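Below: one structure, written as structure tokens.
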Amino acid sequence: MQKTIMAVTGDETAATGDMPTYQIRAPPTSLPQGVVVAASPGSLHSPQQLAEEATRKRELRLMKNREAARECRRKKKEYVTCLENRVAVLEKQNKTLIEELKALKDLYCHKAE
DNA sequence: AACTTCTCTCGTCATCGCCG
DNA sequence: CGGCGATGACGAGAGAAGTT
């Protein structure tokens, strides 16, 4: 299993405040850079050529899945961040409502006396 | 300082569901 | 039904944090 040297990407996703499109399918993307387009399959004959083609297909699949996994993780992170923001907002709202209720109760009690 | 443990990130595989 | 993208699960590597 090969390990490539990878730069630390950091978290480039900022919370948007809105709920993200976590489940929405991304539009088809163009091929990532570095991908070599194969010769047409019809032009392949020898076992070696077939093996090379199989290897190329596997590498292409791995590359695409690598990208897909990155995108999937990015979206998931964004989704979680948005949920956390929402929790914060709702907690604040809840606190305000509790204060308001308390104030109204006090007012009502003093009137009753 | 050397080590262990924890945490994060990544790539890969297996699987699922959708689309043509 | 086959191909393909999305995603959960898993293991590996790197760096941070804790321990001796």
Side-chain angles (χ1 to χ4, degrees):
Chain A
M1 187 180 295
Q2 112 283 29
K3 272 287 175 185
T4 54
I5 299 168
M6 46 196 144
V8 175
T9 55
D11 184 11
E12 69 280 352
T13 62
T16 60
D18 287 321
M19 296 301 282
T21 56
Y22 185 51
Q23 285 294 343
I24 291 178
R25 295 181 185 285
T29 57
S30 57
L31 282 177
Q33 54 186 356
V35 174
V36 179
V37 177
S40 64
S43 66
L44 296 175
H45 292 91
S46 73
Q48 186 182 346
Q49 281 174 316
L50 289 173
E52 282 172 3
E53 175 68 2
T55 301
R56 195 198 62 79
K57 276 186 178 174
R58 175 184 154 76
E59 283 172 357
L60 185 61
R61 184 168 49 78
L62 288 180
M63 179 179 278
K64 282 186 175 180
N65 188 245
R66 204 179 301 140
E67 293 292 326
R70 281 200 200 113
E71 177 64 10
C72 185
R73 283 166 180 147
R74 188 193 65 75
K75 281 197 289 178
K76 189 174 184 178
K77 210 172 198 173
E78 189 179 321
Y79 175 68
V80 169
T81 302
C82 285
L83 283 182
E84 286 168 348
N85 288 342
R86 188 159 158 74
V87 166
V89 166
L90 290 174
E91 278 177 344
K92 192 176 174 184
Q93 210 172 5
N94 194 38
K95 202 175 170 183
T96 304
L97 288 171
I98 287 172
E99 297 281 328
E100 199 178 321
L101 179 61
K102 194 181 165 195
L104 287 172
K105 274 183 177 174
D106 282 353
L107 195 66
Y108 179 76
C109 283
H110 286 115
K111 265 193 176 176
E113 284 171 10

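Nothing here was measured: the structure is a model prediction, and the numbers come from that model. In what follows, every chain begins at residue 1, and chains take the letters A, B, ... in the order their sequences are listed.
Distance OG1/Thr55(A) to CG/Leu50(A): 10.5 Å, rounded to 0.5 Å. One distance of note links CD of Glu100(A) with CG of Leu97(A); it measures 6.0 Å at 0.5 Å rounding.
A salt bridge between Glu99(A) and Lys102(A) is absent, with no side-chain N of the basic residue lying under 4.0 Å from a carboxylate O of the acidic one. The existence of a salt bridge linking Glu59(A) and Arg56(A) is excluded, since no basic side-chain nitrogen approaches an acidic carboxylate oxygen closer than 4.0 Å.
The salt bridge (Lys or Arg N to Asp or Glu O under 4.0 Å) check on Arg70(A) picks up Glu67(A), with sequence neighbours excluded. Considering only residues two or more places apart in sequence or on other chains, Gln48(A) meets the side chain to side chain contact (heavy atoms under 4.5 Å, CB included) condition with Ser46(A), Glu52(A).
Regarding contacts with the backbone of dT9(B), a side-chain N or O of Lys77(A) is found under 4.0 angstrom from either OP1 or OP2. At the phosphate of dA6(C), neither OP1 nor OP2 sits under 4.0 Å from any side-chain N or O atom of Lys76(A). The shortest distance between the side-chain N/O atoms of Arg73(A) and the OP1/OP2 oxygens of dC10(B) is not below 4.0 Å. Residue Arg70(A) has no polar side-chain atom (N or O) positioned under 4.0 Å from OP1 or OP2 of dT7(C).
Inter-residue side-chain proximity for Lys57(A) and Glu53(A) is flagged as met; some heavy-atom pair is nearer than 4.5 Å.
In this structure, the NZ atom of Lys57(A) is 15 Å from the P atom of dG2(C), given to the nearest Å. Between the NZ atom of Lys64(A) and the P atom of dT12(B) there is a distance of 15 Å, given to the nearest Å. In this entry the distance linking CD of Glu71(A) with P of dT9(B) reads 16 Å, nearest Å. When the C1' atom of dC13(B) is taken as reference, atom CD of Glu59(A) falls 17 Å away, rounded to whole Å. For the pair Arg66(A) CZ and dT9(B) P, the interatomic distance rounds to 19 Å; values are reported in whole Å. Taking atom CZ of residue Arg58(A) and atom P of nucleotide dG11(B), one finds them 14 Å apart after rounding to whole Å. Atom CE of Met63(A) and atom P of dT12(B) are 10 Å apart (whole Å). Straight-line distance from the CD atom of Glu67(A) to the P atom of dC10(B): 12 Å, rounded to whole Å.
Here the side chain of Asn65(A) is nearest to one of dG11(B), dA14(B), dG5(C), namely dA14(B).
Counting only Watson-Crick and G-U wobble pairs whose two key distances fall under 3.5 Å, DNA chain C forms stems of three or more stacked pairs at B:1-20 with C:1-20.
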